[in-house]
Structure formats: structure tokens, C-alpha cells
Amino acid sequence: MAIATTNPVTGEVIRTFEELTAEQLDDKLERAAAAARSYRLTSVEQRAQWLNQAADVLEKDADDVSRMITTEMGKTLRAAREEVAKCVHGLRFYAAHGPDFLRDLRNDAGNVGAKECFVTYQPIGVVLAVMPWNLPLWQAMRFAAPALLAGNVGVLKHASNVPQCALYMERLFREAGFPDDVFQTLLISARRVEEVLRDDRVAAATLTGSEPAGRSVGGIAGDVIKKVVLELGGSDPFIVMPSTDLDRATDVAVRARTLNNGQSCINGKRFFVHEDVAEAFLEKFTAKMAALVVGDPMEDATDVGPLATESGRADVEAYVDDAVGKGATVLTGGRRPDRPGWFFPPTVLTGITDEMKMFHEEVFGPVAQVWTVASLQEALEIANGHPYGLGSNLWSEDRAERDLFVRDVQSGMAFINGNTTSYPEIPFGGVKRSGYGRELSDLGMREFMNAKTVWIGQDAA
Ligand code: NAP
């Protein structure tokens, strides 16, 4: 894919960017390695101060950056502003709490015949981050903020359709006062990720993106024995039980499926509704989905903008056509509108069967699949049959149902009576083919650290 900003509202290519040459890439990796040698010795208090300064810079730039996000990938300006605010909060959160996450862990020295014994967390060096376009600032920030606080150095290979956001990330950390080359953006295509990951100057990688990209990066990392965190696809279940308030549940269901124009890994994608409330749920949910305003994402009144890329829209359309061709029923949406840009309407489908591709895969657009189920057990059985296990969502006032859901759902995150969201404060990640490792919180920060065991014997008498 060419590295370019293309406006999804019009399809117009606004700006193209040259890829780094082999010499430029080598130079950037050399600089990163040099930066890592000195940056790791800076104090954590100093790094926290730089992170707070980055938050100040981002706050100052918030309006321009939000518009840049919307222009590059089509989310509503309102959503882009929320994304930027979340990044500011994330930077401040790691500045405030990161030092505590890095404290030494004391062991009982006497048990191991030592005078002193502890685990100390040390940075591992240059970490490659391969990131997607769907939350172009937040995805990169949720890697960068904890990694930089921990004393690691970042090189970012961002998605090819968000180069301006990618370059802004590098500028932001420089302007905040971080030492040169502690965070660099690499404008390279996906096929050059392998070369960077195999490079001895790079210690580890994190990838957020599709399953094929994860399989490739995970395979290479295994070959060169480097740590990797993979945040991949999701087809999150959203389960609605009779005891819940349907007005609230359907409000959140609409938001869950259409947030980010339906292009979030943790969008609720498969809705399992108990038969006692299925009719009422479908009536409310379909009406609310149909009432959403689809249009120019820069307009305040718009709820859902275009999909980010032409191929992304074609993929969504193909999933819907496949399902409809095999007997699914369209309750609203289902067809692209007759207008320029890569729009696809909020869509509700019922009658999903396992012959349909969407049953087994991930639809990255505002398409809700709704099942009617006889019990929570039936919902969990179908939900857990999917190869992904990222987030999950239950709506129930019943204690026993909540307990069963938490125990039985195969997902990295289980949210009850609220929308699934990422927070800097709590771990984020999946199981099964949604990937492995965690981002965010103390767990995420420690993924790219050497947990070094220190054992100190008794002093000579
Ligand atoms: P993608 O094609 O995998 O792209 C993501 C990033 O990986 C981009 O920077 C891309 O570069 C790069 N890439 C693509 N193929 C690669 C390969 N073979 N080797 C190395 N790098 C490669 O993903 P997408 O389709 O744009 O994004 C949507 C997917 O990401 C969905 O499946 C979504 O669920 C997932 N996602 C997961 C999370 C999570 O936290 N679990 C969060 C957000 C999104 P180019 O742009 O240059 O191709």
C-alpha cells in the first residue's frame, strides 16, 4: 500500500510520502540503538516529567491533531477529540503511576539463603511497534507512554494510510523534551517489518492489527527469539439477558457496534439476545441503528463516518453479500449508499449460520449480527466457538449469570453492564487467535522489561 493520506469522504489523495531508503532506515535504527544506551540510564522521575510535558504539547495541539485523524481515517471529529483526550490522560497516568509499577519486588531472602533478594525491572532496549490506523493516535500512544516511561526506545511502523499521525507522534515526543531518537517513526511498507524485526539492534516488537499480520510477525519473532506482544482481531459477543434494562442495553449496543465507524477490535460484533426479550431488543436496536446519521465526519451532527479505506468497505460488503446470499435477513442497512466516499450504513442482520463467512471471521464495519438464544449457556457456547477471544460483554442483573459469564467466557476482557473500552488503568488483550500478551496498566508496562532476579549472599564474616 502506498504511504499516503487519502480522504475517505471523497477518495481524494491529499498527500503522498516517500518510503525511507535502505540507508535512511539503517541510520534510524543506529540512532535508536545509540539512544537506548543512554536513555535507559535516565531517572524514572525525569522520564515522567517528559511524559507530562508530552501531555501538555498534545493538549495544545488537540484541535489540529483531531482534524488530522478525521481527515486520514474518517472517524467523526467528536470521536477523534475523545481519542486525543484519552491520549493526554494516558500520558499523565503513566507519568503519575509508572514509577510505582517499576518498583523492585522484594523476595523473602531467608528462604533462598540470601541477605537480600529482589526482582528489578529494567528496560530491554529498542522496541518496534507495528500499529493500525483505526485509533491512529491511541494505538501508538498506549505502546509509547508506558514504554518510554520504562526506559525503552520506540520505533513506530504505523499503518500506511495514517502517515501524518505517524509523523506527529515523533514530533510530539521531541517537542516534549525527550532526548533525540528516543521515539522515531519509520515510514516503511509492511514487507520491510521483517528486516527491522530481524535486526540485532531491535530487541522486541508489539503488533496491533490483523491475524495474518500477527501470524507473520509472531513467526519471525519466534525465529529470532524476541519477545512479541500481539493484539489482533476480535468478534466480541454482546449478550443480553431478560433482567436487564433494554433501553440502556440497546443504547450501548448501538454505540458498541458503531464506535469508530464500526472499526474497533473491541466493537460488540455478535449480539446474543435471550428469547424472552429478543423481539423487544430487535425493535429498539434496529430503530436506533437506522436513526444514526451517516455523513461527513467533520460535521457535529454525524454519528457514523465512512470506512477508512476502499478495500475495507469492499470487505464489509462482501461479508454482508455472502451472508444474505446464504439466507441472512437484513433488518436495516446492508447496501452502500449512492455517494462518493467509502460509506457503509449501520446494518442489522439476523439468521446467521455457520455456513456464512462472518460467523467465523471479523467484520470490520458497522454490521451487527443478532442471534436469539434460549439461555446464557447457549450464548456462551456459540460465542466461545469463535476463534477470537478479545473482549466480551454481558447485560444482566442476575448474580449467578454474571458469575457464569466471568468464569466461562473465553476472552481477555469481560465487561458487564457497560461498554467494552480500553483504559490506561487496566490490562488490555486477548486469548486464542486474538493474540497474546497485554497492553496497558502495570502488566502492559512489564511486557517489555527484563525482570532481573538479584540475589545477594551474606557478607563475609
Ligand atoms: P493490518 O492490515 O494487519 O495492519 C496493521 C499494521 O500491520 C499496519 O501497520 C500494517 O502496515 C502492518 N502489516 C500488515 N501486514 C503485515 C505483515 N504481514 N507483516 C508486518 N506488518 C504488517 O490490520 P488492519 O486490517 O489495517 O487493522 C484492522 C485489524 O486490526 C482488525 O483485525 C482489528 O481487530 C485489529 N485490531 C486489533 C486491536 C487489538 O488491540 N487487539 C486494536 C485495533 C485493531 P500497512 O498499513 O503498511 O499494511
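Heavy atoms only: backbone and side chains are in, while hydrogens, waters and symmetry mates are out.
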Side chain to side chain contact (heavy atoms under 4.5 Å, CB included) between Arg142 and Phe428, worked out: CA-CA 10 Å; Arg142 74 189 200 185; Phe428 186 98; 3.3 Å; yes

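In this structure, Met289 and Thr347 approach most closely via the heavy-atom pair CE-O, 3.8 Å. Annotation for Leu135 and Asn260: closest pair CG-ND2, 3.9 Å, computed over non-hydrogen atoms. Of all the heavy atoms in Arg438 and Val431, the pair that sits closest is NH2-CG1, 4.2 Å. The minimum heavy-atom distance linking Gly334 with Pro345 is given by the pair N-CG, 3.9 Å. Scanning all heavy atoms of the two residues, the minimum distance from Gly418 to Trp395 falls at N-CZ2, 3.4 Å. Here the closest non-hydrogen pair linking Val294 and Pro346 is CG2-CD, 3.5 Å.
To the nearest 0.5 Å, atom CG of residue Asn52 and atom CZ of residue Arg47 are 14.5 Å apart. To the nearest 0.5 Å, atoms CD (Gln369) and CZ (Arg270) are separated by 7.0 Å. The CD1 atom of Ile352 sits 13.5 Å away from the NZ atom of Lys357 when rounded to the nearest 0.5 Å. Between the NZ atom in Lys326 and the CG atom in Asp354 there is a gap of 10.0 Å [rounded to 0.5 Å]. A distance of 6.5 Å separates OG1 in Thr206 from CD in Glu231, rounded to the nearest 0.5 Å.
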Which atom pairs, donor and acceptor, lie under 3.5 Å between side-chain atoms of residues 7-18 and protein residues at least two apart or in another chain?
unit_1, atom_1, unit_2, atom_2, d
Asn7, OD1, Val9, N, 2.9
Thr10, OG1, Glu12, N, 3.1

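The side-chain contact (heavy atoms from CB on, under 4.5 Å) test with Thr286 is passed by exactly one of Thr350, Leu331, Val370: Leu331. Each of Glu361, Gln410, His360, Glu211 was evaluated against Tyr388; a single residue qualifies, Glu211, per the side-chain hydrogen bond (donor to acceptor under 3.5 Å, both in side chains) test. Screening Asp245, Asp247, Asp251 against Lys284 for a salt bridge (Lys or Arg N to Asp or Glu O under 4.0 Å) leaves a single residue, Asp247.
In this structure, a donor-acceptor pair under 3.5 Å is present between the side chains of Gln164 and Thr5. The closest side-chain donor-acceptor pair between His89 and Glu425 falls under 3.5 angstrom.
The backbone N or O of Gln263 lies less than 3.5 Å from no partner atom in the side chain of Asn261, so there is not a single donor-acceptor pair. A side-chain donor-acceptor contact under 3.5 Å links Arg192 to the backbone of Leu20. Panel note: side chain Ser441, backbone Leu443; a donor-acceptor pair is recorded below 3.5 Å. Between the side chain of Arg198 and the backbone N or O of Val224 there is no donor-acceptor pair closer than 3.5 Å.
Here Arg171 pairs with nothing under the side chain to side chain donor-acceptor pair (under 3.5 Å) rule; sequence neighbours left out. Residues passing the side-chain contact (heavy atoms from CB on, under 4.5 Å) test with Ala379, sequence neighbours excluded: Ile239, Phe272, Val373.
Taking a cutoff of 4.0 Å between a charged side-chain nitrogen and a carboxylate oxygen, Arg78 and Glu83 do not qualify as a salt bridge. Under a 4.0 Å N-O distance rule, the pair Lys60/Glu175 qualifies as a salt bridge. Note on Arg67 versus Glu72: no salt bridge recorded, every NZ/NE/NH1/NH2 to OD/OE distance being 4.0 Å or above. Using a 4.0 Å cut-off between charged nitrogen and carboxylate oxygen, Arg92 and Asp56 count as a salt-bridge pair. Look at Arg407 and Asp403 and you find no salt bridge, because none of the NZ, NE, NH1 or NH2 atoms lies under 4.0 Å from a carboxylate O. Between Glu397 and Arg402 there is a salt bridge, with a side-chain nitrogen of the basic residue lying less than 4.0 Å from a carboxylate oxygen of the acidic one.
The shortest side-chain heavy-atom distance between Val409 and Asn384 falls under the 4.5 Å cut-off. Here the side chains of Leu349 and Met358 are in contact, with some heavy-atom distance below 4.5 Å.
Using the six-membered ring where Trp is involved, Trp133 and Phe364 have ring planes that are perpendicular, over 60° apart on the 30 and 60° scheme.
For the pair Arg257 and Phe271, the cation does not sit on the ring face, since its NZ or CZ is not both under 6.0 Å from the ring centre and inside 45° of the axis.
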